[in-house]
There are 2 protein chains.
Amino acid sequence: MNDRIGAGSARAAGKEPTTREALLEAGRELFAAAGYHATSIRSITGSAGANLGAVTYHFGSKEGLYHAVLENALAPFRRVVRVAAESRTAPLEGIEAFLRAFFQHLLDHPELRALMLEQLASEGPLPEPVKRTFRSNFGLLRKLIEAGQEEGTICGGDPRLLAVAVAAQPAVLNLLRPVLEQAGGISTASREDREVIIENAIRFVRAGLGAPGPSSDREAVR
Amino acid sequence: MNDRIGAGSARAAGKEPTTREALLEAGRELFAAAGYHATSIRSITGSAGANLGAVTYHFGSKEGLYHAVLENALAPFRRVVRVAAESRTAPLEGIEAFLRAFFQHLLDHPELRALMLEQLASEGPLPEPVKRTFRSNFGLLRKLIEAGQEEGTICGGDPRLLAVAVAAQPAVLNLLRPVLEQAGGISTASREDREVIIENAIRFVRAGLGAPGPSSDREAVR
DNA sequence: GTCCGTATCATACAAACGTATGAATGATAG
DNA sequence: CTATCATTCATACGTTTGTATGATACGGAC
């Protein structure tokens, strides 16, 4: 059996995707749209233009495909956020870059939202790719905060809890986006909308970290 | 067909629950544990000690039971948060009470986490009870923030976005609790743990709102 | 040419699903 | 008592599910 996990993007290279790649793509979209249990192998193979047996052949089982989809979708997310967080030397700048990359990547890949949320909703232990992703992003943030605390530019307190408080901003803005739109009257449709939102989140975080940074303007009170 | 929606708690009154109530309770637990599609009517009626046909009889269909479960679980949540938010006159005190009630209620009713997350993960429109709950909680927070802005105790900015930033704290602390434990090393097991967490969130929010309130101590820098 | 491993295909199968049906049961009213 | 009603029950039906099976097609090695 062929067990390569990074199938690469044959489509971007102009070549037509292999059956394996088509299954990964169809699986990502359909799992995200309807959830694992509500998505049938038949709908996936149908959408991918593959035979019913293709999932079993290439991934062993429906669950095998699902895990491959998760890994394929989350690995780039980890990479993008890591690169951003490590692109600056000043901790607060790193945190800001982290927030922007986190926010932007989930915006560019809307399927990630449902894919991750479904896992968070289940009771059991998290799948390895999901756990790795959270661990990675969370660790980056914690280190940045600890560095800022040593430097004196970030207020005291448990760095893990501060990391949660910071990551909460892009997390809810993206993971709960449908709620914000349907029940909060907050649209993320236009680029201006999104810029206002991310700038607000960054300002809130800088203030919350006790760090009135350069891009923070909180003279406030209308 | 009997279509009462608030079945009340016969158990608390000492009487043994009716079939209808037993179905609601079993449905709440099982839907939360495994999700809607992965929970069968047979497992629900089995767990409730009822006949296979009981769900169809009392709720019309599996989906009917599901909606009744959602409404039954979310109505008290709305009520508790509303009472807390309106219990104080000072906006910042109201926000603090909101945060504590929000956090505490989700802690007391752990099934709500999975129940809500599954809905947030789906693509389609939110069920009415879920939408109502978010709208209610979100609206309370926005009004408190607007009042604080008029008063001059809360910094400027779009009150809706500030409300999201504030609500993000109890939301991730509870909705993403398994992640925080499994991938963030943050435990909410003991009462001390939880107190440190909620106090940290409140401090972060007060600072983020540009409002160094009475219970905020941000001289900072270790 | 033959051989062989990989991949695709149509089809079959048992299990589980949500729901429908009609008979039994039990309490209440006349 | 009988009649009535809501409820419970066992069972059956038609789908859909994930997976297994065995045949077929293709492509390079020799």
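Computed from a predicted model, the values in this text were never measured in an experiment. So you know, we letter chains A, B, ... as the sequences are listed, proteins then strands, and number each from 1.
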> Under 4.0 Å: is that the gap between some side-chain N or O of B:His58 and OP1 or OP2 of D:dT8?
Replying inline: yes

>> At less than 4.0 Å, is any side-chain N or O atom of A:Ser61 found next to OP1 or OP2 of D:dG18? Yes or no.
In response: no

>> Any residue in residues 40-52 of chain B with a heavy atom nearer than 4.0 angstrom to DNA chain C? Just list them by number, or reply none.
In response: B:Ser40, B:Ile41, B:Arg42, B:Leu52

> Any ion pair linking B:Arg206 and B:Glu93 (charged N to carboxylate O, less than 4.0 Å)?
Replying inline: yes

> Are OP1 or OP2 of D:dA20 and a side-chain N or O of A:Thr56 less than 4.0 angstrom apart?
Replying inline: no

>> If I take atom CZ in residue A:Arg20 and atom P in nucleotide C:dT6, what distance separates them, rounded to the nearest angstrom?
In response: 14 Å

> Is A:Thr133 reaching over with its side chain to a backbone N or O of A:Pro129, donor-acceptor style, under 3.5 angstrom?
Replying inline: yes

> Among D:dG18, D:dT8, C:dT8, which is the nearest nucleotide to the side chain of A:Lys62?
Replying inline: D:dG18

> Can you tell me how far P of C:dG22 sits from OH of B:Tyr57, to the nearest Å?
Replying inline: 17 Å

> What residues form a ring-ring contact (aromatic ring centres under 6.0 Å, His included) with B:Phe102, not counting sequence neighbours?
Replying inline: B:Phe77, B:Phe98

> Taking the side chain from B:Thr19 and the backbone from B:Ala50, do they hold a donor-acceptor pair closer than 3.5 Å?
Replying inline: no

>> Between A:Glu199 and A:Arg100, does any NZ, NE, NH1 or NH2 come within less than 4.0 Å of an OD or OE carboxylate oxygen?
In response: yes

> Under 4.5 Å between any side-chain heavy atoms of B:Gln169 and A:Gln169, yes or no?
Replying inline: yes

> Tell me: OH of B:Tyr66 to P of C:dC17, nearest whole Å?
Replying inline: 17 Å

> In whole Å, what is the span from the CZ atom of B:Phe59 to the C1' atom of D:dA6?
Replying inline: 15 Å

> Nearest-Å distance, NE2 (B:His37) to C1' (C:dG18)?
Replying inline: 13 Å

